Protein chains: 2
Amino acid sequence: MEEFDRENVPSEEIDEETLFIVTQTFKALGDPTRVRILHLLFKKECSVNEIADTLDLRQSTVSHQLRFLKNLRLVKYRREGTTLFYSHDDEHVMRILEQMINHACHS
Amino acid sequence: MEEFDRENVPSEEIDEETLFIVTQTFKALGDPTRVRILHLLFKKECSVNEIADTLDLRQSTVSHQLRFLKNLRLVKYRREGTTLFYSHDDEHVMRILEQMINHACHS
DNA sequence: ATAATATATGAATAGATTATCATATATGCA
DNA sequence: TGCATATATGATAATCTATTCATATATTAT
């Protein structure tokens, strides 16, 4: 008879909640617009319009996608007057994104 | 005047081809069925029917998803008689998947 | 209070994605 | 050759997604 550490059993099926979070997060990274936004925020904090201008996207497109990313807590913002400055809010996911970018462009 | 190493400039927009590969790969990881399949293949090589039985999926569903994953070179297979044994084929992406699973279930 | 600016929201639509069924193909064996 | 088994494929329908336009909301300054 063997004992298992419940925190450390890689050999079982993923539980439903974890699966949901994992796939939602990867889904967020599976869209070009969102990846471009996140990659921009990796470098610096940006306002909505800055993002739209830099990436040549409509303001509403950016706003919709930022909401999506904020729901997943991948970005956060701070207000300064009427301007909202967005920045990334999940170091680990950002590291994963940069890893994948490096993987992709050195392959 | 400064010189840049073209291979090492994190501060620019991602080129289109890299963006495509990155988002395609994340898209692959953004679906519960594919994540369950990959997570299973992380542990061991499996035949199509084994995957279907283990994960309670239709054979054709598994086959379609395996084709998807194979197009992205995330899985490979070897034949033994009429049986095809699939296994993962991208260590880096598998590491990223396992990282995200750990991130998700310890959060 | 009004205007100007920044951002968010809702509805609509076009396009993509997924699972399923039915069937085709391929291999091994009697 | 013909049958059984394993896997692949094609078409379809249901669902989901991303973008767009139009408009609403919020903040600041006059």
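Since we're looking at a predicted model, the values are computed, not measured. Each chain gets a letter, A, B and so on, in the order its sequence line appears, and its residues count up from 1.
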For this session: Would you indicate what Ser60(A) reaches in the nucleic acid, counting non-hydrogen atoms under 4.0 angstrom: base, sugar-phosphate, or nothing?
Result: base
For this session: Round to the nearest Å and state the distance from Ile37(B) atom CD1 to dT18(C) atom P.
Result: 11 Å
Which atom pairs link the protein and nucleotides 24-28 of chain C when you take only N or O atoms and keep those under 3.5 Å?
none

Exercise. Within the structure, does a side-chain N or O atom of Ser63(A) lie under 4.0 Å from either OP1 or OP2 of dA8(C)?
Worked result: yes
Exercise. Among Lys44(A), Lys76(A), Arg79(A), Glu50(A), whose side-chain contact (heavy atoms from CB on, under 4.5 Å) with Phe85(A) holds?
Worked result: Glu50(A)
Exercise. Which whole-number value in Å describes the distance from Arg36(A) CZ to dT19(D) C1'?
Worked result: 14 Å
For this session: Nearest whole angstrom, please: distance from the C1' of dT18(C) to the CD of Gln65(B).
Result: 7 Å
Exercise. Closer than 4.0 Å, any side-chain N/O of Arg67(B) to the OP1 or OP2 of dA8(D)?
Worked result: no
Exercise. Considering residues at least two apart in sequence or located in another chain, which fulfil the side chain to side chain contact (heavy atoms under 4.5 Å, CB included) criterion with Arg73(B)?
Worked result: none
Problem set entry | Separation of atom NZ in Lys70(A) from atom C1' in dT9(C), rounded to whole Å | 14 Å
Exercise. Do any N or O atoms from the side chain of Arg58(A) and from the backbone of Ala52(A) form a donor-acceptor pair under 3.5 angstrom?
Worked result: no
Exercise. Would you say the side chain of Gln59(A) and the base of dA6(C) hold a donor-acceptor pair, judged only by whether the two atoms sit under 3.5 Å apart?
Worked result: no
Problem set entry | Distance under 6.0 Å and angle within 45° of ring axis: Arg34(A) vs Phe68(A) | yes
Exercise. Which is true for Tyr86(A) with a 4.0 Å heavy-atom rule: it touches a base, it touches only sugar-phosphate, or it touches nothing?
Worked result: sugar-phosphate
Exercise. Among side-chain atoms of His88(B) and Glu45(B), is any donor-acceptor pair under 3.5 angstrom?
Worked result: no
Problem set entry | Separation of atom NE2 in His64(A) from atom C1' in dT23(D), rounded to whole Å | 12 Å
For this session: Dump the intermediate steps for ring pair (Phe, Tyr, Trp, His ring centres under 6.0 Å) on Tyr86(B) and Tyr77(B), then the final yes or no.
Result: CA-CA 4 Å; Tyr86(B) 278 83; Tyr77(B) 65 82; 5.3 Å; yes
Problem set entry | Separation of dA16(C) C1' from Phe68(B) CZ (nearest whole Å) | 11 Å
Problem set entry | Asp56(A) atom CG, neighbour heavy-atom count above 12 within 6.0 Å | no
For this session: In whole angstrom, give the distance that lies between atom CZ of Arg58(A) and atom C1' of dA22(D).
Result: 12 Å
